[in-house]
Amino acid sequence: MLFFRRTGPIDEMAIQQVFFLLVYAFTCTMPSPRHNRSHPDEAGECAKNCWCRRDELTCKRPDTLDSIPLLSSEVERTLIKKIFIEHQSDFKILSEDQLKFYPEIEKLTIQSSGLQLISPNAFEFTRKLKEIIIRQNEIEVLPWRLFKGLKLIELSIDGNPISCNCSAKWLQKLASQEKRTLGPLWDQVTCVDIDNGGERVLLMNVTLPYCELPQVSVIPEKLIMNESQSADLICSATGDPPLSLYWNTSSLASNQSVGNFELLGLISSGNDNATAEPLLNQLYFDTNNTFQVLSLYSVSAADNGVVSCVAENDVGQDIAEVSLEINAAPKILQMKVTKNFYWCVYYQVTGFPKPNRTWYFNDQLLQNPLILDLENKWTMRNSYLADGCLQVERASQVNGGIYTMVATNAFGEVNYSIHAEFHKDPVLISHPTYVPQGRPPPLSSIKNKTEPEQNKSNILMTSLVTGGVALAIVVVVSVVCLVQWKRYRDSLNAPLNAHRAVGVPPLFFLCPQRRRNRAMRERIPLNPSQMVNNPNYSKDNTEYNAEIHHIAREKISFIQLLGEGAFGRVFLGTVDYLTSDEPTTLVAVKTLKDAGVDDAKDDFEREAELLANLQHINIIKFYGVSTDGEALMMLFEYMEFGDLNNFLRDRCPTSGKPDIEEHKYPQLSIPDLIKISCQISAGMDYLASQHFVHRDLATRNCLVGDQLTVKIGDFGMSRDVYSTDYYRVGRHNMLPIRWMPPESIIYRKFTTESDIWSYGVVMWEIFTFGKQPWYELSNHEVIQQVTANKVLPRPHVCPEDIYELMLACWQIRPQERMPMKSVHAHLQHLVSTRDSEYLEVVD
């Protein structure tokens with residue numbers, strides 16, 4: 001499937017328009033899929049009195065349920081992401097036994113029902129919940145502990161008879177600080193004031209006495225000690241209403257115990273008693289304080305990090321932390337030879353401070369070794385652990401041998417060696433300077449080994465004789481080949497009625513003609529006559545001069561599968577010496593599934609010659625093709641962060657990424673979003689200047705690399721991965737309706753102006769962090785909206801002038817849309833000026 005296409009002349013345009021309109025009219029008369037249990041898009045047979053559509057379970061028939069219904073198939077249950085229940089007066093209790101069967105649920109709605117109680121562990125198995133709507137029920141108490149650990153972006157609770165007591169204090173603070181979290185009616189949330197005869201009052205205005213967050217403190221706040229020592233940590237807290245106090249020791253590896261302060265007494269060895277004594281005296285006289293003492297025994301380097309003390313009451317929780325620094329000598333936990341992007345010597349070493357690592361190969365110090373520090377949850381959490389790889393770029397016998405790592409810090413030194421063997425490279429073996437590598441001799445024997453002078457003289461004489469003979473052979477063969485080549489060329493240029501030489505000339509295998517033929521076979525012939533011209537432009541005498549680079553199959557290595565589409569598969573791989581100065585290059589390899597079909601080969605050749613002519617910094621780089629194996633392959637540059645849609649969604653402020661992964665998902669500022677938009681506009685401006693029509697521009701078809709580099713490119717997987725973004729017409733046609741302008745929807749007309757409309761939708765995707773356009777509407781409803789001249793609303797974080805730029809792309813008349821060159825110039829100006837109003841990070 002081509003990711004860039006030229007729209008060809010349509011000889012039967014009228015017939016296609018009529019056919020599309022008939023299909024649209026027929027589908028519009030069909031009943032809505034959400035009310036049709038036999039619709040093929042459903043997850044399967046739905047529960048009684050409910051409807052299922054794709055990932056939704058909806059139960060609206062009044063008074064038919066007393067709990068969440070259970071779908072019969074486990075596969076169907078895991079597909080459900082939204083549950084909607086309404087008008088169920090017998091639905092009184094929500095428990096984990098009902099929700100545990102739907103672990104992928106993201107939105108739960110139970111409204112206008114009889115819900116009274118939510119069990120304490122109701123959401124234990126549904127940690128992906130982002131929206132909970134429990135409006136107009138009978139809930140009186142809603143503790144904050146119910147939602148502990150959930151990354152909620154909405155919790156709508158209006159219409160419930162919530163009691164005006166301390167358990168509602170956290171909701172009151174939420175209403176005053178984060179209004180949007182409580183839904184659109186956050187200012188109408190009420191509670192029942194029992195002291196005033198059960199009157200309902202606005203939660204924001206009510207006074208809740210004796211309801212305060214607990215306050216917790218620890219001594220010491222930082223503890224520095226050596227391995228094998230012991231210490232006591234004291235935690236104290238106060239608060240009203242009464243609180244519970246506990247130490248979170250999940251990060252500790254050494255033995256520990258928790259007890260009352262009165263039993264354990266003063267701090268043990270390893271702490272500064274002079275500093276702690278004043279606070280200890282104060283704690284003794286404060287009878288309202290609650291204490292817990294954590295005793296650590298024979299600590300180790302694995303205890304490095306933070307241990308926390310938590311105080312909780314009905315209002316909320318407070319946390320105090322103790323920073324532990326346990327000095328320890330280095331220890332090498334493991335070393336092994338493995339393969340990531342490259343072959344590497346993988347290692348894990350502990351110690352605090354983190355040890356310095358020095359590498360030796362066959363007892364020789366490695367200068368500037370390629371070290372890749374691996375970042376994962378374990379290493380990010382533990383400052384004492386070093387986890388990484390010594391990369392081996394060329395996995396051949398020249399790099400086989402003994403690798404030694406020496407780890408050193410102020411408290412000790414340790415070393416470890418491992419023997420690595422790699423495959424034999426036939427090119428190197430045939431080289432006269434190749435010497436087989438075995439296990440290396442000791443370093444001392446290498447240093448002391450000398451070569452006799454007589455051996456040196458013999459080697460020199462042998463080399464001179466061999467070189468002279470080889471030079472003579474080359475001269476003779478060159479002369480013979482030249483003579484034969486001239487005869488063969490004269491026979492080809494002879495008149496038609498003249499006698500021509502038949503067959504191949506003598507010594508043909510040595511002559512340049514063979515090399516010339518092989519070069520011709522390694523280059524896919526360019527055939528401009530097969531290219532489809534855009535009917536909306538006249539561009540006569542178009543020439544395609546870019547040469548398609550052929551890459552030998554043996555140079556390509558596969559690492560892992562990136563994805564699969566209707567055309568075939570895409571792999572992450574490497575190519576050896578793609579250029580003379582680059583030993584290994586990471587590439588994305590697109591394979592053709594039906595390589596034996598002639599039409600598929602023609603499409604492959606057409607796409608390759610098209611790609612070879614597209615060269616721009618914001619267009620995915622095309623390296624070449626490989627055709628000498630069983631599968632036809634195209635090779636592109638590898639963009640490490642994948643498609644732009646997933647990139648934006650992962651960095652959405654409301655995506656709820658754990659704190660430990662923030663280094664992988666940094667926040668994007670408004671200037672960052674403008675920079676992304678500018679790069680895509682640059683690529684589209686280039687395509688427009690070349691009279692190319694993309695027809696499927698969307699964030700899913702843009703790729704992201706290092707330094708926030710964005711390029712337009714599609715490996716053909718988007719129709720499979722993002723199937724909900726496409727509207728199927730007939731058996732094979734899939735249209736990106738949500739990105740198409742009115743003329744493309746009604747008349748199937750695609751031009752550079754229709755690409756401008758699609759670009760405006762792409763900008764909307766960027767400033768909504770990857771939301772699907774018209775996400776609340778079905779495909780039929782989207783068609784109705786767009787053809788009725790409706791446009792997408794302004795995203796929450798989008799500046800006004802950026803939205804005006806989107807509107808300029810969404811003009812109904814194609815000729816009135818802002819040209820892509822002007823769009824790019826406007827965005828480039830914003831990127832260069834970086835106005836101060838855009839410098840704040842998106843909340």
Side-chain angles (χ1 to χ4, degrees), residues 218 220-231 233 247-256 270 294-309 319 321-361 365-366 368-392 402-420 640 657-666:
V218 292
E221 294 182 355
K222 185 173 184 179
L223 178 63
I224 302 176
M225 55 194 306
N226 297 331
E227 274 192 313
S228 302
Q229 289 186 320
S230 300
L233 309 176
W247 285 92
N248 183 356
T249 60
S250 59
S251 62
L252 296 178
S254 61
N255 294 328
Q256 74 272 339
L294 173 63
S295 297
L296 305 179
Y297 307 108
S298 187
V299 296
S300 66
D303 295 320
N304 269 287
V306 172
V307 59
S308 57
C309 183
I319 300 176
E321 296 180 339
V322 178
S323 175
L324 300 179
E325 291 187 6
I326 314 300
N327 298 319
K331 295 178 183 178
I332 297 178
L333 301 183
Q334 62 170 310
M335 282 181 63
K336 61 182 179 180
V337 179
T338 183
K339 185 173 183 180
N340 294 327
F341 292 151
Y342 299 99
W343 281 96
C344 74
V345 180
Y346 172 76
Y347 64 87
Q348 281 186 347
V349 58
T350 66
F352 193 86
K354 187 175 289 187
N356 294 321
R357 287 140 281 165
T358 306
W359 285 91
Y360 295 83
F361 174 60
L365 178 66
L366 282 178
N368 301 320
L370 294 175
I371 302 296
L372 175 64
D373 287 326
L374 302 180
E375 294 183 350
N376 52 45
K377 294 182 179 180
W378 192 15
T379 55
M380 292 299 297
R381 188 186 303 119
N382 302 298
S383 58
Y384 69 94
L385 176 65
D387 189 15
C389 266
L390 169 68
Q391 294 185 0
V392 182
I402 293 180
Y403 290 85
T404 302
M405 181 178 70
V406 179
T408 308
N409 69 6
F411 297 91
E413 177 179 305
V414 67
N415 66 79
Y416 191 88
S417 299
I418 189 172
H419 183 257
E640 58 182 309
K657 290 291 178 185
D659 295 341
I660 201 168
E661 296 185 0
E662 283 185 356
H663 69 288
K664 295 183 180 179
Y665 304 97

[atom1]/[X] to [atom2]/[Y] distance, rounded to the nearest 0.5 angstrom?
X	Y	atom1	atom2	result
Leu366	Thr358	CG	OG1	10.0 Å
Met335	Cys389	CE	SG	10.5 Å
Phe352	Asp303	CZ	CG	12.5 Å
Gln348	Leu385	CD	CG	5.5 Å
Asn415	Thr408	CG	OG1	9.0 Å
Ser417	Tyr403	OG	OH	12.5 Å

Query raised in the report: Can Asn226 and Phe411 be said to form a side-chain contact (heavy atoms from CB on, under 4.5 Å), step by step?
Result: CA-CA 10 Å; Asn226 297 331; Phe411 297 91; 4.1 Å; yes
Report task. Please test Ile332 against Tyr347 for side-chain contact (heavy atoms from CB on, under 4.5 Å), starting from the C-alpha separation and ending with a verdict. Result -> CA-CA 8 Å; Ile332 297 178; Tyr347 64 87; 5.6 Å; no
Query raised in the report: side-chain contact (heavy atoms from CB on, under 4.5 Å) between Leu294 and Leu252: does it pass, once the steps are laid out?
Result: CA-CA 11 Å; Leu294 173 63; Leu252 296 178; 4.1 Å; yes
Closest approach of [X] to [Y] (non-hydrogen atoms, all atoms of both residues):
X	Y	result
Ser298	Ser254	O-CB, 3.8 Å
Ala328	Ala301	CB-CB, 3.4 Å
Thr249	Gln256	OG1-NE2, 3.8 Å
Ser308	Glu321	CB-CG, 4.0 Å
Pro330	Val349	CB-CG2, 4.5 Å
Pro220	Leu233	CD-CD2, 3.9 Å

Could you tell me whether a side-chain N or O of [X] sits under 3.5 Å from a main-chain N or O of [Y], the two making a donor and an acceptor?
X	Y	answer
Asn248	Ser250	yes
Ser230	Ser295	no
Asn255	Tyr297	no

Requested in this report: May I ask you to test the Val406-Glu413 pair for a side-chain heavy-atom distance under 4.5 Å?
Outcome: yes
Query raised in the report: Does the side chain of Ile418 reach to within under 4.5 Å of the side chain of Tyr346, using non-hydrogen atoms?
Result: no
Report summary line: Glu221 meets the side chain to side chain contact (heavy atoms under 4.5 Å, CB included) criterion, sequence neighbours left out, with Val218
**Report entry** Result of checking Leu223, Ile224, Val299 against Ile326 for side-chain contact (heavy atoms from CB on, under 4.5 Å)
**Finding:** Val299
Query raised in the report: In terms of heavy-atom contacts, does OH of Tyr416 have more than 12 from other residues, nucleotides or ligands at under 6.0 Å?
Result: no
Requested in this report: Applying side-chain contact (heavy atoms from CB on, under 4.5 Å), run through Leu296 and Val307 and close with a yes or a no.
Outcome: CA-CA 11 Å; Leu296 305 179; Val307 59; 5.9 Å; no
